[in-house]
**Q** 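Structure in structure tokens, see below.
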Amino acid sequence: MSKRVIAKIISQEEISPRHFKMVIDAPEVAKEAKIGQFIHLKWVAKLNEYDPLLRRPISLNEIDKEAGTITIIYRAIGRGTQLLATLKVGDQVDIMGPIGMGFSIPEEANKFVVVGGGMGIAPLYPVVKKLVDEDKEVTVLIGAENKGQLLNLADYEEMNVKLKAATVDGSYGYQGFVTQFLDDTLADTNYIYTCGPEVMMEVVQEWALANNVKGEASLEERMGCGTGACLSCVCKIKVRNESGWDYKKTCIQGPVFPLSEVIFND
Amino acid sequence: MSKRVIAKIISQEEISPRHFKMVIDAPEVAKEAKIGQFIHLKWVAKLNEYDPLLRRPISLNEIDKEAGTITIIYRAIGRGTQLLATLKVGDQVDIMGPIGMGFSIPEEANKFVVVGGGMGIAPLYPVVKKLVDEDKEVTVLIGAENKGQLLNLADYEEMNVKLKAATVDGSYGYQGFVTQFLDDTLADTNYIYTCGPEVMMEVVQEWALANNVKGEASLEERMGCGTGACLSCVCKIKVRNESGWDYKKTCIQGPVFPLSEVIFND
Amino acid sequence: MTKVNLVVDLNGLKLQNPVTTASGTFGFGPEYKNYVDLDRLGGVMVKGTTLEPKLGNPTPRIAETPAGMLNAIGLQNPGVDHFLARILPLIKDYNFKTIVNISGNTVEDYAKLANKLNVDGVDALEINISCPNVKKGGLAFGTQPEMAASVVEAVRAETDMTLITKLSPNVADITSIARAVEEAGTDIISLINTLLGMKIDIHRHEPILANKMGGLSGPAIKPVAIRMVYQVAQAVDVPLIGMGGISNAEDAIEFFLAGASAISVGTANFVNPEVTMEILDGIEKYLVEKGYEDINEIVGLAIK
Amino acid sequence: MTKVNLVVDLNGLKLQNPVTTASGTFGFGPEYKNYVDLDRLGGVMVKGTTLEPKLGNPTPRIAETPAGMLNAIGLQNPGVDHFLARILPLIKDYNFKTIVNISGNTVEDYAKLANKLNVDGVDALEINISCPNVKKGGLAFGTQPEMAASVVEAVRAETDMTLITKLSPNVADITSIARAVEEAGTDIISLINTLLGMKIDIHRHEPILANKMGGLSGPAIKPVAIRMVYQVAQAVDVPLIGMGGISNAEDAIEFFLAGASAISVGTANFVNPEVTMEILDGIEKYLVEKGYEDINEIVGLAIK
Ligand SMILES: Cc1cc2nc3c(=O)[nH]c(=O)nc-3n(C[C@H](O)[C@H](O)[C@H](O)COP(=O)(O)OP(=O)(O)OC[C@H]3O[C@@H](n4cnc5c(N)ncnc54)[C@H](O)[C@@H]3O)c2cc1C
Ligand SMILES: Cc1cc2nc3c(=O)[nH]c(=O)nc-3n(C[C@H](O)[C@H](O)[C@H](O)COP(=O)(O)OP(=O)(O)OC[C@H]3O[C@@H](n4cnc5c(N)ncnc54)[C@H](O)[C@@H]3O)c2cc1C
Ligand SMILES: Cc1cc2nc3c(=O)[nH]c(=O)nc-3n(C[C@H](O)[C@H](O)[C@H](O)COP(=O)(O)O)c2cc1C
Ligand SMILES: Cc1cc2nc3c(=O)[nH]c(=O)nc-3n(C[C@H](O)[C@H](O)[C@H](O)COP(=O)(O)O)c2cc1C
Ligand code: FES
Ligand code: FES
């Protein structure tokens with residue numbers, strides 16, 4: 001159940017150029033949070049400054065229910081995220097959250113693959129952590145422009161997972177795209193999770209369909225309300241109707257959807 | 001000659017409820033500054049935040065050419081001034097300045113009266129200081145709602161001036177308005193300066209005319225550009241034309257005008 | 001705290017207070033139940049509803065602008081039948097008045113909608129003749145007095161329910177349209193809908209919105225909305241519901257002073273989901289501080 | 001830095017670069033000489049000029065709004081004779097093109113102004129048919145195609161100078177007015193002038209502006225301006241000068257992509273007196289980064 005809270009920043013660190021890790025003291029959010037959910041975030045305006053106006057959706061990268069903290073990793077690219085990047089320890093942020101349907105872990109599955117690309121790596125970390133905590137076999141495939149953008153790389157290196165990484169510039173792991181790792185060696189996978197560029201997720205979807213692997217994708221759409229009210233954030237999902245698809249709200253009916261049901265566009 | 005500079009705050013102090021004294025390290029402005037001029041000020045936006053949009057005109061309360069600093073005293077009442085009040089030592093402000101025609105000191109005058117009301121006290125302090133430095137006889141009349149709003153009171157108490165103060169609530173000096181001090185005992189005044197509410201300045205003007213005292217008034221109008229370009233800030237000044245008056249730009253042709261020429265409205 | 005009267009009677013539509021939420025920005029109401037006490041609202045203008053379900057536009061459907069946002073939702077909604085069967089039962093027992101925003105491609109569509117919505121639980125209709133995203137006649141209805149009037153007449157012939165007509169700001173003279181719809185039988189006028197705008201991505205060299213253009217809303221448009229309320233308030237006798245950029249209590253009060261009898265909060269709900277409650281509290285505080293006993297006392301005070 | 005071509009030729013009006021300053025926001029030019037290198041500007045649209053001197057409106061003349069401002073200056077200016085005798089000599093030798101913004105109460109006023117301004121040193125006329133603050137016909141001229149055309153025809157009959165017609169956004173269909181003025185003989189269209197708005201002081205219960213209403217400008221109106229440039233660019237063949245909320249280089253680039261051949265900076269000069277220089281530098285940087293050799297290459301790229 002989502003709440004609106006004003007919460008304090010415990011730490012903010014630039015983990016690689018323009019990539020920030022922010023830890024927020026938000027026990028009410030942490031208590032409710034599930035893996036794969038996000039928060040709808042805003043800097044706290046000193047005096048109702050209305051520019052930039054809207055909140056920014058950012059996935060939960062870590063949830064510490066005991067400490068009552070949540071962690072986000074975000075890229076400072078536009079006005080809002082760059083404003084967030086200027087905040088310091090002790091500053092406050094305005095949160096709506098946790099929001100959305102997160103990742104599920106089917107009882108019957110025991111071999112998992114996680115495929116993350118770019119900023120899409122951030123939302124996947126919580127599901128990997130949970131799978132590892134539950135002693136599941138996990139293969140983590142991550143790709144980015146360069147080594148610095150391989151988010152949570154150090155965390156994965158310390159975990160009991162099979163890890164493969166790709167970088168476009170070849171600065172770490174295999175040069176190229178993360179999708180090069182989707183091959184026959186993974187055909188006995190029971191379940192797959194993915195988040196990242198649409199082109200990447202589309203390839204993951206094709207591979208999953210070809211190999212009869214069920215899975216989930218975490219999607220991204222521009223968001224206004226974060227409550228299901230405005231219909232800004234819709235995505236195309238397969239359903240049984242005369243068109244074969246319908247719009248679902250990425251904010252509360254997502255951002256995680258069954259991989260096979262997502263309709264990617266060009 | 002006005003410049004646009006980004007300058008650092010050296011100190012910011014709440015000198016009474018909602019009244020702030022800010023000292024700014026701005027040697028280029030201090031070097032050029034004359035008594036009675038103002039700066040057109042803005043908080044430095046982190047990322048071109050456009051709300052609130054406009055600069056705020058604030059008079060120079062102190063000019064330290066040697067230290068290269070300027071001091072302003074302002075009241076945090078609306079969006080912009082309240083934003084300025086949130087700034088801390090080390091933060092930056094965006095200044096255009098110094099701007100305008102300041103106070104003049106006629107050679108032939110030797111007995112001066114200065115009448116300040118409310119925030120209007122702030123711009124008058126530099127002229128008093130200069131008059132005292134030049135061993136002129138100065139009577140300072142200040143009025144405000146309460147003692148805390150009698151700006152520069154402590155400064156005046158340490159100076160060789162005749163000081164009278166009025167407060168509406170009677171918390172300091174004489175209860176009532178500053179204009180009660182304008183009586184026959186001051187009839188030998190050569191020159192008078194005033195700044196404050198229009199109703200007060202109008203009474204000062206009437207007294208000055210009745211007693212044949214020349215003087216100057218520092219006016220206030222909403223300002224846009226601060227360059228003389230936009231014509232937002234005009235005030236009515238007597239001139240020799242068929243109407244008997246014309247609009248002058250408060251920003252660059254003022255804010256100080258000959259007292260006898262100002263046309264106050266209701 | 002001294003109690004002040006916040007009840008407003010809009011030509012027969014009695015709201016427990018003048019704070020409503022704008023169509024398309026608050027869903028059908030329950031979407032905000034985690035954030036506000038829905039029972040404290042005066043009214044909810046539900047999402048624009050059409051005869052048949054509408055999928056709406058492709059995404060992106062919103063773009064942020066200086067102190068505002070563009071939207072090109074395209075009137076996505078489940079259709080009037082689904083609304084009546086599945087949504088109305090969920091909201092009809094709240095204290096807020098349920099106001100259904102209706103939209104169509106033809107005058108007949110509006111009439112049919114009015115007929116179907118003439119049921120218990122629907123407290124008023126808001127005739128949306130001004131959504132800039134509807135290409136098949138929607139815009140034309142809102143920009144010409146006779147066309148606007150024809151829609152209101154057709155709806156009025158169909159029902160005795162309270163009718164609100166929502167005006168577009170994308171016109172030269174909003175007062176001529178206001179007078180036309182008043183004469184045609186509207187009970188209330190609401191204004192304004194969004195301004196038509198666009199934002200271009202300078203890296204992809206194309207509009208951000210899939211629909212290219214969209215409706216501009218949020219604080220940025222408030223001065224236009226205030227001006228239009230002020231003008232229309234002096235041109236008609238029916239009460240007005242003011243909207244457009246209301247983001248806090250001070251904004252709402254500006255609208256009352258301009259001549260509005262009630263207000264509607266839109267985009268601000270996205271910024272602060274609790275904003276409607278803050279506005280309600282702020283209005284009450286202002287009335288007490290200024291020594292008023294009734295919200296209706298301040299309506300139109302800025303008009304002289 | 002790789003050199004790119006910034007020269008633009010607007011139907012015969014050759015600017016050294018496409019950055020100009022909007023009428024009423026930059027005075028006659030020298031007001032900004034402490035802050036910018038005036039010789040780097042492409043053009044200056046000087047303050048709106050009338051036959052006789054105009055005092056303008058009482059103060060307050062401006063009010064701040066979310067990401068914008070309202071102005072009700074009332075076209076204060078010293079009159080065309082004073083401009084020609086005392087101001088033009090001071091500015092004619094700068095590198096920027098001097099564009100005189102003209103305004104009148106009758107069609108004949110505009111014609112007389114055109115006749116008087118047909119002198120060396122005045123490089124073009126900007127016909128202001130759209131100032132919302134002028135009550136005697138000014139608004140009406142800008143909101144009806146035939147009236148707008150009549151003004152342009154009268155001016156065109158009077159002079160061979162380059163004519164720019166400046167359009168108001170306070171209309172339902174700006175393209176119909178654009179086509180009318182094109183047909184009447186304008187060489188260039190500039191758009192947009194301000195949106196009509198209002199702000200009310202909730203403590204004094206009255207509008208902040210003495211004139212009650214005023215023109216809304218600044219970042220807030222940019223989406224409306226972009227949309228109108230985009231629409232008009234597809235409706236006419238004459239080149240466009242885009243303006244309305246331009247506050248940085250990215251904004252200016254949006255206007256080029258929308259179909260403008262040049263841009264004009266207004267309110268942003270008040271916020272940052274150096275903004276025009278920053279915009280010039282930013283445009284150049286963008287062209288180099290994207291691999292363009294000429295500003296004209298990006299004009300209209302968002303139109304498909
Ligand atoms: C469910 C979800 C989870 C996300 N999780 C993360 C995360 O963990 N880390 C991270 O770095 N990013 C994440 N994103 C993307 C993030 O929301 C955008 O990068 C961010 O909103 C861009 O804001 P800005 O201020 O940088 O851009 P601006 O260009 O200033 O934004 C203008 C508007 O466009 C929207 N917008 C712009 N780009 C995007 C985008 N790519 N996706 C959605 N909205 C956009 C903004 O929200 C804002 O409303 C997530 C998005 C969604 C929908
Ligand atoms: C030449 C000059 C010197 C001044 N010196 C001082 C000073 O030394 N100390 C001080 O406290 N104040 C001074 N003022 C007044 C000060 O400019 C206003 O109090 C301030 O601009 C209000 O801004 P705000 O953000 O608080 O109000 P808001 O209501 O948020 O302002 C909105 C807009 O209205 C304008 N505005 C609002 N009130 C005034 C006002 N009273 N005068 C002018 N513009 C206004 C603002 O500049 C802004 O553009 C001076 C004004 C002028 C013209
Ligand atoms: C996402 C969104 C969807 C909207 N949908 C509708 C609608 O369905 N019907 C309608 O009449 N107005 C619709 N509007 C317009 C609002 O009801 C309101 O008139 C406008 O947004 C101005 O108010 P605001 O600035 O407070 O948002 C919508 C606005 C937004 C932002
Ligand atoms: C203070 C002020 C004065 C203006 N005076 C004129 C004028 O005399 N003639 C004119 O055509 N437009 C005038 N305008 C409109 C501007 O030229 C411009 O079209 C408008 O402000 C939009 O641009 P901006 O958002 O960049 O300011 C004025 C605008 C302002 C803010
Ligand atoms: S963001 Fe509004 S419905 Fe999803
Ligand atoms: S503030 Fe613009 S002319 Fe004075």
Side-chain angles (χ1 to χ4, degrees), chain A residues 4 6-24 39-58 72-96 119 222-225, chain B residues 4 6-24 39-58 72-96 119 222-225:
Chain A
R4 189 271 184 110
I6 307 296
K8 197 168 286 187
I9 297 171
I10 296 176
S11 84
Q12 161 116 284
E13 184 190 344
E14 187 168 10
I15 56 176
S16 78
R18 298 196 304 158
H19 290 70
F20 292 81
K21 185 175 189 171
M22 182 190 287
V23 185
I24 306 167
I39 54 172
H40 209 15
L41 181 62
K42 199 166 173 175
W43 47 97
V44 172
K46 288 172 176 170
L47 282 174
N48 284 336
E49 297 92 280
Y50 295 120
D51 186 51
L53 184 65
L54 298 176
R55 292 172 178 267
R56 298 327 195 229
I58 305 286
I72 58 170
I73 298 183
Y74 64 96
R75 191 164 156 199
I77 47 172
R79 301 180 80 207
T81 53
Q82 286 184 71
L83 262 183
L84 287 172
T86 65
L87 299 176
K88 306 209 174 355
V89 172
D91 286 342
Q92 297 182 309
V93 286
D94 181 342
I95 298 174
M96 286 170 59
M119 286 312 309
R222 285 169 182 262
M223 291 180 177
C225 67
Chain B
R4 189 270 184 109
I6 308 296
K8 197 168 285 188
I9 297 171
I10 295 175
S11 82
Q12 160 118 283
E13 185 190 348
E14 186 168 11
I15 55 176
S16 78
R18 298 196 303 159
H19 291 70
F20 293 80
K21 184 175 189 171
M22 184 190 287
V23 185
I24 305 168
I39 56 173
H40 209 16
L41 182 61
K42 198 163 178 184
W43 46 98
V44 174
K46 287 171 179 171
L47 280 175
N48 287 334
E49 296 93 280
Y50 295 120
D51 185 51
L53 186 65
L54 299 176
R55 292 172 178 267
R56 299 326 194 230
I58 306 286
I72 58 171
I73 298 183
Y74 65 96
R75 190 165 158 201
I77 47 171
R79 299 181 81 210
T81 53
Q82 285 184 71
L83 262 182
L84 288 173
T86 65
L87 299 176
K88 304 202 169 14
V89 173
D91 286 343
Q92 297 181 308
V93 285
D94 182 341
I95 297 173
M96 285 168 61
M119 285 313 308
R222 284 168 182 262
M223 291 180 177
C225 67

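Each chain gets a letter, A, B and so on, in the order the sequences are listed, and its residues count up from 1. FYI, side chains are in, hydrogens and waters are out, and symmetry mates aren't considered; it's all heavy atoms of this structure.
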**Q** Could you state the interatomic distance from CD (B/Gln82) to CG (A/Leu47), rounded to the nearest 0.5 Å?
**A** 5.0 Å
**Q** At their closest point, which heavy atom of B/Asp51 faces which heavy atom of A/Asn48, and how far apart are they?
**A** OD2-O, 4.0 Å
**Q** If you look at every heavy atom in B/Glu49 and A/Arg79, which pair is closest and at what distance?
**A**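 For B/Glu49 versus A/Arg79, the nearest heavy atoms are CA-NH2, 3.8 Å.
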